Amino acid sequence: MRISVLGFIGQYPMAGVTAYFLQFALGLLKLGHDVFYIEDSGAPPYDPIHDTLTTDTAYTLDYVRRHLEPFGFAERWTYADCDGNYTGMTREQTYEALRTSDLLINVSAANILRDEHLRVPKRILIDADPPYLQIAAAKGEQETIDFLKQHTSLFTFAENIGKPICRIPSGGFEWQTTRQPVVLDLWPIVFKPDAIALTTIMNWKSYGNVEYEGEEYGQKDVEFMQFAELPQHTTQVLDLGMGHPDAPREQLRALGWRLHAPFPPTRDLWTYQAYLAQARGEFSVAKNAYVRPWSGWFSERDTCYMAAGKPVIAQDTGFSEWLPTGEGVFAFNTMDEAREAIARMNADYAHHCKAARRLVEEHFNSADVLRDLLRKAGCD
């Protein structure tokens with residue numbers, strides 16, 4: 001098929017975001033499809049060096065080019081800036097790619113679809129950030145309802161949606177489940193038994209909380225403080241690449257966390273690969289909005305660590321309902337469970353490194369994930 005993938009690699013030029021979108025597009029290309037990456041929302045890009053939005057696209061365009069052309073997307077990518085200037089493919093070439101596409105994949109709701117997008121006969125939405133769209137639709141927010149209706153298939157990373165254990169509403173729409181596709185050869189296995197730190201990159205707060213049926217759904221700051229004293233209960237070095245000015249950095253340092261700025265490791269895909277390679281594994285806390293409704297969401301960042309052969313210790317969002325845990329991946333809900341998971345990982349570190357990679361191969365391999373996505377959307 002000819003497939004157009006919408007994303008925002010240029011709008012947020014940071015490696016974690018890049019890896020997320022790139023693996024959808026590259027995974028489809030590796031399956032033999034005719035794939036274009038199109039970024040034409042016109043939103044101003046974020047400048048990670050100066051931590052601000054900007055209208056200067058020099059950094060953005062260089063970043064997009066470096067992260068797409070080496071992977072087979074030369075003459076197959078578009079970036080449209082807020083003034084309507086097209087780079088990569090021209091406007092005419094972009095419209096022709098869309099006009100002749102069999103499928104459009106709107107990854108992470110990158111675009112409100114315009115006429116040129118709506119002409120594509122099949123249109124998939126990938127929701128990697130539940131439950132915000134679902135709650136907005138359930139509350140009758142017409143803008144969200146109209147946006148969801150633009151698509152012919154809706155997919156979410158909330159893998160427990162529709163089950164009695166999950167409190168995410170459907171909002172009147174049919175949601176199917178999917179997960180992060182991992183292109184395995186992007187992540188060389190690095191076994192480093194002398195690696196010291198469990199690391200992660202996190203944003204203290206991404207945006208505001210939402211309320212639904214008397215419950216408030218919050219960000220990572222809500223959950224993290226439950227585990228703030230973890231360094232007092234383990235000898236394991238715990239390292240955070242922490243974003244957001246409101247993060248209580250001095251308090252966390254005093255409790256034993258090792259903190260650094262998130263930008264240097266995420267400058268590009270290759271610094272990110274190196275950052276994962278030097279880690280012992282990952283320790284991560286999830287957004288309250290993923291945990292509270294028992295969504296079953298699993299982090300795309302976690303899958304990158306696992307693909308590199310790094311064990312992951314992650315706060316359970318309900319992913320333990322579908323992903324095997326206890327070998328390579330550990331789910332925790334309490335301080336004691338987190339401490340015990342660290343001890344178990346270190347007791348047989350080599351085994352858990354191998355198990356982490358094996359789980360990615362079995363559950364997140366891009367070929368399997370994307371074939372399943374296309375099948376469920378009626379595109380096989």
Side-chain angles (χ1 to χ4, degrees), residues 16 19-31 105 107-108 124 126-130 153 155-163 165-166 168 175-191 200 273 276 279 281-284 286-287 290-291 294-333 341 344-345 348-377 379-380:
Y20 165 55
F21 287 106
L22 177 61
Q23 290 182 104
F24 274 96
L26 182 56
L28 290 164
L29 193 67
K30 285 179 172 288
L31 285 177
I105 305 181
V107 183
S108 262
I124 291 173
I126 305 292
D127 164 44
D129 192 27
S153 298
F155 287 84
T156 179
F157 279 16
E159 296 217 32
N160 292 336
I161 198 168
K163 299 176 183 177
I165 55 174
C166 180
I168 297 178
W175 291 92
Q176 301 187 81
T177 60
T178 191
R179 60 191 63 156
Q180 173 67 47
V182 176
V183 177
L184 293 169
D185 55 14
L186 273 184
W187 310 103
I189 301 170
V190 181
F191 179 59
T200 198
Q273 289 172 330
L276 301 189
E282 185 187 30
F283 175 85
S284 66
K287 287 182 186 177
Y290 301 157
V291 176
W294 210 236
S295 66
W297 172 92
F298 193 75
S299 165
E300 60 272 19
R301 184 190 58 255
D302 293 356
T303 64
C304 298
Y305 275 88
M306 293 161 61
K310 306 295 181 176
V312 165
I313 299 170
Q315 186 179 8
D316 200 356
T317 64
F319 65 78
S320 59
E321 305 284 348
W322 59 267
L323 181 66
T325 61
E327 294 184 64
V329 173
F330 300 88
F332 68 88
N333 284 299
R344 289 177 60 192
M345 178 201 71
D348 197 351
Y349 182 65
H351 170 76
H352 292 297
C353 290
K354 293 175 183 176
R357 173 72 180 203
R358 185 176 66 248
L359 281 171
V360 166
E361 293 170 350
E362 294 175 353
H363 296 275
F364 299 94
N365 186 322
S366 62
D368 298 332
V369 170
L370 293 170
R371 284 195 187 103
D372 182 66
L373 177 77
L374 297 178
R375 178 186 60 78
K376 287 178 177 177
C379 299
D380 53 351

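What you are looking at is a predicted structure, and each value in this text was computed from that prediction instead of being measured. Residues: numbered from 1 along the sequence shown.
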Do the side chains of [Y] and [X] get nearer than 4.5 Å, heavy atoms only?
X      : Y      : result
Val107 : Tyr20  : yes
Thr156 : Asp129 : no
Phe330 : Arg344 : yes
Leu370 : Phe24  : yes
Leu373 : Ile126 : yes
Asp372 : Val369 : no
Ser108 : Phe21  : yes
Arg357 : Leu184 : yes

| So, for Ser366 and Gly27, which heavy atoms are closest and what is the spacing to 0.1 Å? |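 Reported closest heavy-atom pair: OG-CA, 4.0 Å.
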
| field | Closest non-hydrogen atom pair, Thr177 against Ala158 | value |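 Looks like CG2-O, 3.7 Å.
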
| query | Going through the checks in order, is the side-chain contact (heavy atoms from CB on, under 4.5 Å) test met by Ile168 and Ser295? | reply | CA-CA 7 Å; Ile168 297 178; Ser295 66; 3.6 Å; yes

| query | Is there a donor-acceptor pair closer than 3.5 Å between any side-chain N or O of Gln273 and the backbone N or O of Leu186? | reply |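 Pair found, side chain donor or acceptor close to backbone of Leu186.
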
| Would you say the side-chain atoms of Gln315 pair up with the backbone N or O of Ala286, donor to acceptor, closer than 3.5 Å? |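 Flag set: sc Gln315 to bb Ala286 pair under 3.5 Å.
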
| message | Test: side-chain hydrogen bond (donor to acceptor under 3.5 Å, both in side chains). Region: residues 317-328. Which pairs qualify, not counting sequence neighbours? | response |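 Residue pairs with at least one partner in residues 317-328: Trp294-Glu321, Asp316-Ser320, Glu327-His351.
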
Reported [atom1]-to-[atom2] distance for the pair [X] and [Y], which is rounded to 0.5 angstrom:
X      : Y      : atom1 : atom2 : value
His363 : Met306 : NE2   : CE    : 8.0 Å
Tyr305 : Glu300 : OH    : CD    : 13.0 Å
Asp368 : Glu361 : CG    : CD    : 10.5 Å

| request: Report yes or no: is the cationic atom of Arg179 (NZ for Lys, CZ for Arg) closer than 6.0 Å to the six-membered ring centre of Phe157, at no more than 45° off its axis? | output: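 No, Arg179 does not lie over the aromatic ring of Phe157.
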
| request: Could you check Lys310 against Glu282 for salt bridge (charged side-chain N to carboxylate O under 4.0 Å, His left out), going step by step and ending with a plain yes or no? | output: CA-CA 7 Å; Lys310 306 295 181 176; Glu282 185 187 30; over 6 Å; no

| task | Taking the six-membered ring for Trp and the single ring otherwise, decide whether the centroids of Phe298 and Tyr290 are under 6.0 Å apart. | result |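 Centroid distance Phe298-Tyr290: not below 6.0 Å, so no.
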
| said: Within the supplied structure, the quantity of interest is the number of heavy atoms (other residues, nucleotides, ligands) at a distance under 6.0 Å from Lys376 NZ; does it exceed 12? | reply: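 Count over threshold, so yes.
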
| request: Could you note down all residue pairs passing salt bridge (charged side-chain N to carboxylate O under 4.0 Å, His left out) where residues 22-31 supplies at least one of them, sequence neighbours left out? | output: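 Every salt bridge (charged side-chain N to carboxylate O under 4.0 Å, His left out) pair that includes a residue of residues 22-31, provided the two are not neighbours, is Lys30-Asp185.
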
